[in-house]
Amino acid sequence: GKKTIVVYGNINLTKGIALGENQKLVGTEYFADINQNALYRDNENEHFSQLNFNLTTSDNAVTIGVSNVTISDLKITLTQEKSVNYGALRIVNANNISLHNLDVAHFAQNTQSYAIGGGSSNIKISGKMNIEARNAQTACFGIYFTNSDLLIDNTEMTINSDWGGIISGSQ
């Protein structure tokens with residue numbers, strides 16, 4: 001069945017997570033209309049649901065390899081001490097993925113990396129997106145997909161990348 005993971009506050013992780021079919025990974029603002037304790041991203045204290053990944057392994061912060069997944073109203077930060085080619089949000093062999101109102105950052109000593117990327121079908125990006133890709137030794141992309149259908153719809157997007165790879169892709 002469908003499963004929703006709600007992130008309350010600021011959570012630190014030392015291992016990456018993989019989402020399953022039909023899952024939602026959301027912050028409290030996703031439920032703001034029904035939850036009076038929702039934490040809003042735009043208030044002066046930036047109370048925004050956060051997942052902070054500090055990885056010493058070759059892994060992604062969040063991996064999606066299935067269909068019908070939503071990630072919304074979250075701040076996802078990946079700090080990686082190992083030299084690997086992975087991303088903060090890796091979407092591979094997936095279909096029908098919705099990314100909405102996210103801050104995604106990847107700070108890593110990599111030969112190549114990205115904040116959001118992979119290769120999949122029907123990826124929709126919407127809402128307010130703040131993306132950072134920093135510290136890579138060669139290429140560091142904000143958004144990088146290969147062989148993908150990517151729809152950026154009704155989005156206010158800010159991308160900061162050390163190596164000039166803002167939105168990139170190949171077939």
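- Residues passing the side-chain hydrogen bond (donor to acceptor under 3.5 Å, both in side chains) test with S98: none are found, sequence neighbours excluded.
- The hydrophobic cluster containing I5 also contains I91, counting ILVMFWY residues as joined when their side-chain heavy atoms lie under 4.5 angstrom apart, directly or transitively.
- A distance-only check finds no donor-acceptor pair linking the side chain of T4 to the backbone of K24 [under 3.5 Å].
- Both I17 and V66 are part of a single hydrophobic cluster, where members link through side-chain heavy atoms under 4.5 Å apart.
- With hydrogens and angles ignored, the 3.5 Å screen pairs no side-chain donor or acceptor of S67 with any backbone N or O of N96.
- Between D153 and K124, at least one side-chain N (NZ, or NE/NH1/NH2) sits under 4.0 Å from a carboxylate O, which counts as a salt bridge.
- The main-chain N or O of S126 is never found under 3.5 Å from a side-chain atom of N154 such that the two would form a donor-acceptor pair.
- Cluster membership for Y144 and L151, using ILVMFWY side-chain heavy atoms within less than 4.5 angstrom, is not shared.
- The minimum heavy-atom distance linking M157 with I125 is given by the pair CE-CG2, 3.9 Å.
- Interatomic distance, H106 NE2 to R90 CZ, rounded to the nearest 0.5 Å: 11.5 Å.
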Open item on the list: Walk me through whether Y30 and N101 qualify under side-chain contact (heavy atoms from CB on, under 4.5 Å).
Closed with: CA-CA 9 Å; Y30 186 82; N101 286 348; over 6 Å; no
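- Note that NZ of K75 and CG of D103 are 5.5 Å apart. Values are rounded to the nearest 0.5 Å.
- More than 12 heavy-atom neighbours from other residues, nucleotides or ligands sit within 6.0 angstrom of CG on N10.
- The distance from atom OG1 of T79 to atom CG of N12, rounded to the nearest 0.5 Å, is 10.0 Å.
- A distance of 9.0 Å separates CD1 of I71 from CG of L51, quoted to the nearest 0.5 Å.
- Cluster membership check: V92 does not share its hydrophobic cluster with I123, using side-chain heavy-atom separations under 4.5 Å among Ile, Leu, Val, Met, Phe, Trp and Tyr.
- Using a 4.5 Å cut-off between side-chain heavy atoms of Ile, Leu, Val, Met, Phe, Trp and Tyr, with links allowed through other members, I97 and L150 fall into the same hydrophobic cluster.
- Taking every heavy atom of both residues into account, A61 and I76 meet most closely at CB-CG2, 4.4 Å.
- Residue D59 comes nearest to Q80 through the heavy atom pair O-NE2, 2.6 Å, listed as atom of the first residue, atom of the second, then distance.
- Residue N130 holds its CG atom at 9.5 Å from CG of L102, rounded to the nearest 0.5 Å.
- When all heavy atoms of S148 and G119 are compared, the closest pair comes out as OG-CA, 3.3 Å.
- Rounding to the nearest 0.5 Å gives a distance of 5.5 Å between CG of L89 and CG of L99.
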